[in-house]
There are 2 protein chains.
Amino acid sequence: MSPVHRTPQRTAPGDRAVDSLTFDLDRTSPVPLYYQLAQQLEAAIEHGVLAPGNLLGNEVDLSVRLGLSRPTVRQAIQSLVDKGLLVRRRGVGTQVVHSQVKRPLELSSLYDDLESAGQGPSTRVLRNERIPASPDVAAALGLAEGTEVTVLERLRSTHGQPVAFLCNYLPPALLELPTERLESTGLYRMLRSAGIALHSARQSIGARSATAEEAALLDEKEGAALLTMRRTAYDDTGRPVEYGSHVYRASRYAFDFQLLVRP
Amino acid sequence: MSPVHRTPQRTAPGDRAVDSLTFDLDRTSPVPLYYQLAQQLEAAIEHGVLAPGNLLGNEVDLSVRLGLSRPTVRQAIQSLVDKGLLVRRRGVGTQVVHSQVKRPLELSSLYDDLESAGQGPSTRVLRNERIPASPDVAAALGLAEGTEVTVLERLRSTHGQPVAFLCNYLPPALLELPTERLESTGLYRMLRSAGIALHSARQSIGARSATAEEAALLDEKEGAALLTMRRTAYDDTGRPVEYGSHVYRASRYAFDFQLLVRP
DNA sequence: AAGTGGTCTAGACCACTCT
DNA sequence: GAGTGGTCTAGACCACTTG
C-alpha cells in the first residue's frame with residue numbers, strides 16, 4: 001500500500017484524537033456554527049477526550065469532515081487559542097495546551113469569588129446614601145465636583161468572619177440600589193441585571209497597615225497588614241460606572257488569577 | 001436638497017473622521033495588510049485624529065476605499081476591538097472607545113515596569129546557585145522532589161532605595177543566568193532573549209507583615225505591610241518555566257493594571 | 001426600509017517546519 | 001517536498017438598530 005492510503009483504523013502518525021470525535025452541528029440553531037464547534041472542542045478538552053499534550057490537526061481536513069468552510073473552522077479554533085486552550089504552530093499544527101489553564105482572568109467580583117469557592121458570603125450594608133462627590137471621587141467618575149453620587153459602604157463576611165470592607169461610589173440615577181438586594185447579592189451582579197455591561201476597569205492593588213477603625217471593623221489588630229484595591233470600572237462607551245476603594249484582610253484573602261500573554 | 005444627497009464637504013450625519021484619513025498600505029511588505037491597517041488606525045486613535053467619542057464606520061465602504069476585502073478590514077478592526085480601543089454595535093457601527101484605555105494588562109516584569117516609569121531600577125543578586133528542589137518548588141515547577149533547580153535571590157531598588165525582594169526558581173538547564181547580566185536587566189527579558197516565549201502564568205497577590213529579616217533587607221520597620229506575589233509562568237507548551245515568590249514594599253509599590261471584559 | 005455588523009462560503013497563494 | 005497554519009479575496013445572506 002502506498003502511504004497515501006489510510007486505513008480507517010490508523011489515522012495519522014501524529015495520532016489525532018479529533019478524528020475519533022463526533023461533532024453535533026445544528027445549522028437551524030441561532031448559535032453560530034463556529035461557536036458550536038468551539039464549545040464542543042472546549043468540552044472535549046475539558047473532559048480530557050482531547051489529550052492535553054499534543055494532537056488536533058489540519059484545519060482543512062476538519063472543515064471537509066464537518067462540512068464547514070475553513071474560515072469557519074479557523075474562527076472556532078482561534079477563539080480557543082484566545083482562551084489559551086490551544087496553541088498554533090506554523091508548519092506543525094494546532095496542539096492542546098499542556099497544563100492547567102482554567103480562568104483566563106476576569107473583572108472579578110468578590111461576591112462571586114467567595115460564592116464559587118463555596119464560602120457562602122454575606123453582606124452588611126453600613127451606608128447607602130447620596131452625597132456630593134468629593135474631588136477624588138468626581139475625578140474618578142468623570143463628574144463635576146459636588147455632583148450627587150451614591151456612596152455604598154459594605155462589610156463582607158464568610159462563616160461569620162469579616163473578609164473585606166468595601167466602599168463604592170456610583171454616578172447618580174444609574175440604577176436603584178435597594179439595601180435589601182445589596183445584602184443578598186453582589187454589586188456587579190446587580191449592575192449586570194440592570195443591563196449595564198462592564199467593559200474595562202483600571203485597578204490598583206496595594207497594601208498598608210490597618211488603622212484603628214479598620215482593625216475594629218475587620219476584627220484584626222491595629223497595624224495588621226491589609227490588601228487594598230482601588231478600581232474604576234467603565235461600560236462599553238467608556239463612561240465610568242463605578243469607583244471602589246476596598247480593603248481586605250490579608251490573613252483571609254488574596255487575589256488569584258491567571259494571565260495570558262498576547263502574541 | 002433631499003437628505004439623501006450628500007455633498008462632498010459633509011460626509012454623514014455621524015461625521016466619520018475616518019473618511020478624511022489616508023492609509024498607506026504596502027502589499028509588497030511582509031507585514032500583513034490587516035496588521036498595517038490596524039496599526040494605522042491605532043495610531044490615529046492614539047493621536048486623537050479619530051475622535052474618542054464616536055465615529056468610524058461602515059466596513060464595506062472602508063474596504064472598497066482601501067482596495068481590501070471586507071474580511072481583511074474586519075480582521076484589522078477586530079484586533080483593535082480585542083485591544084479595547086473600539087466597540088462594535090450591531091446595527092449602529094463601530095465607535096472609538098471613550099476613555100483612557102492604554103495598557104490592556106501584561107504579564108508584568110517588575111524591571112520593565114520600573115524602567116518604563118523612568119525609575120532607573122538596579123538589581124543586587126544575593127544568591128544564584130543550584131539546589132535540590134524543595135517539595136513546594138518541585139510541585140510548582142512540575143518536577144520530582146530533589147531535582148536540581150536554580151535559585152535566584154535578588155534585591156531590586158530605585159533611587160538607591162530597595163523596592164522588592166525577589167526569589168525565583170527555574171528548571172535546570174533552561175538557560176544560563178550569569179550574575180552580571182542579572183544585575184543589569186530583568187529575568188523576563190533574559191528569558192525572551194533565550195527564545196523562551198511566555199504564554200501564561202498563575203498569580204496570587206496578597207499581603208503580610210514584614211519579618212525582622214525582610215524589614216532589615218527592605219529598609220522597613222518590622223511588622224510593616226508588605227505586598228506579596230507568587231507566580232508560576234508557563235511557556236506555550238504549558239511547561240512551567242519559572243516560579244517566583246516576591247515581596248514588595250507597600251510604601252513604594254503597587255500593582256497597576258487594566259482589565260478588559262471578554263464579551 | 002435602510003444601514004450596520006455577524007456569519008458563512010469556496011476557493012487561492014504564501015511562509016514556515018519537518019523529514 | 002509535503003504538510004501545516006497565515007493571509008486574502010469576492011461574493012452572500014442574516015440579525016439587529018434606527019428613522
Side-chain angles (χ1 to χ4, degrees), chain A residues 2-4 6 11-16 18-19 25-38 54-82 86-96 195 236-237 263, chain B residues 2-6 11-14 16 18-19 25-38 54-82 86-96 195 236-237 263:
Chain A
S2 100
V4 178
R6 290 177 184 162
T11 51
D15 206 14
R16 306 188 308 220
V18 223
D19 297 346
L25 300 175
D26 178 7
R27 294 191 103 95
T28 71
S29 161
V31 178
L33 290 171
Y34 80 90
Y35 193 79
Q36 294 183 37
L37 177 55
N54 35 5
L55 324 185
L56 197 86
N58 203 324
E59 300 174 350
V60 308
D61 283 4
L62 195 55
S63 65
V64 303
R65 186 160 78 84
L66 299 175
L68 297 175
S69 69
R70 186 184 164 204
T72 301
V73 172
R74 258 187 85 76
Q75 193 174 359
I77 292 177
Q78 186 60 45
S79 70
L80 297 185
V81 171
D82 290 342
L86 297 177
V87 184
R88 289 200 225 249
R89 296 169 188 278
R90 190 190 288 216
V92 179
T94 304
Q95 302 179 313
V96 179
D236 8 2
T237 71
Chain B
S2 98
V4 177
H5 292 276
R6 289 174 185 165
T11 51
R16 306 188 307 219
V18 223
D19 298 346
L25 301 174
D26 178 6
R27 295 190 103 96
T28 72
S29 162
V31 178
L33 290 171
Y34 80 89
Y35 193 78
Q36 294 183 37
L37 176 55
N54 36 5
L55 324 186
L56 197 86
N58 202 324
E59 301 174 351
V60 309
D61 284 2
L62 196 53
S63 64
V64 301
R65 185 159 78 84
L66 299 176
L68 297 175
S69 69
R70 186 184 164 206
T72 302
V73 172
R74 257 187 87 76
Q75 193 175 359
I77 292 177
Q78 186 60 45
S79 70
L80 297 185
V81 170
D82 289 342
L86 298 177
V87 184
R88 289 198 223 249
R89 295 169 187 279
R90 192 190 287 218
V92 180
T94 304
Q95 301 179 315
V96 179
D236 21 7
T237 72

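All values below come from the heavy atoms of this structure, side chains included, with hydrogens, waters and symmetry mates left out. Letters A, B, ... mirror the listed sequences (proteins, then strands); counts begin at 1.
Every side-chain contact (heavy atoms from CB on, under 4.5 Å) that B:Gln36 has, sequence neighbours left out, goes to B:Leu25, B:Asp26, B:Ser29, B:Val31, B:Leu33, B:Gln40. Residues passing the side-chain contact (heavy atoms from CB on, under 4.5 Å) test with A:Val81, sequence neighbours excluded: A:Ile77, A:Gln78, A:Leu86, A:Arg88. With sequence neighbours left out, the salt bridge (charged side-chain N to carboxylate O under 4.0 Å, His left out) criterion links A:Arg70 to A:Glu59. For B:Ser69, the side-chain hydrogen bond (donor to acceptor under 3.5 Å, both in side chains) test picks out B:Thr72, with sequence neighbours left out. Looking at residues two or more places apart in sequence or on another chain, you find a side-chain contact (heavy atoms from CB on, under 4.5 Å) between B:Ser79 and B:Ala38.
Phosphate contact (OP1/OP2 of D:dC8, side-chain N/O of B:Tyr34, threshold under 4.0 Å): absent. Applying the 4.0 Å criterion to OP1 and OP2 of D:dG6, one finds that A:Arg88 has a side-chain N or O inside that range.
The distance from the CD atom of B:Gln75 to the CG atom of B:Leu68 is 11.0 Å, given to the nearest 0.5 Å. To the nearest 0.5 Å, atoms CG (B:Asp82) and CG (A:Asp82) are separated by 6.5 Å.
The interatomic distance linking A:Asp26 (CG) with C:dT7 (P) rounds to 16 Å, in whole Å. Whole-Å rounding puts the B:Leu62 CG to C:dG5 C1' distance at 13 Å. Here the P atom of nucleotide D:dT7 and the CD atom of B:Gln36 are 12 Å apart, to the nearest Å. We find that CD of B:Gln95 is positioned 12 Å from C1' of D:dT17, with the value rounded to whole Å. In this structure, the CD atom of B:Gln78 is 16 Å from the C1' atom of D:dT7, given to the nearest Å. Look at CD on A:Gln75: it is 15 Å from C1' on D:dT7, rounded to the nearest Å. Atom CD1 in A:Ile77 sits about 7 Å away from atom P in D:dG5, given to the nearest Å. One atom, CG of B:Leu66, and another, C1' of D:dC8, lie 14 Å apart when rounded to the nearest Å.
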Sequence-aligned protein contact record of nucleotides 9-19 of chain C, with B where the base is within under 4.0 Å of a protein heavy atom and S where only the sugar-phosphate is: BB-B--BBB--
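Picking from C:dG3, C:dG6, D:dG5 the nucleotide with the shortest atom distance to the side chain of B:Asn58 gives C:dG3.
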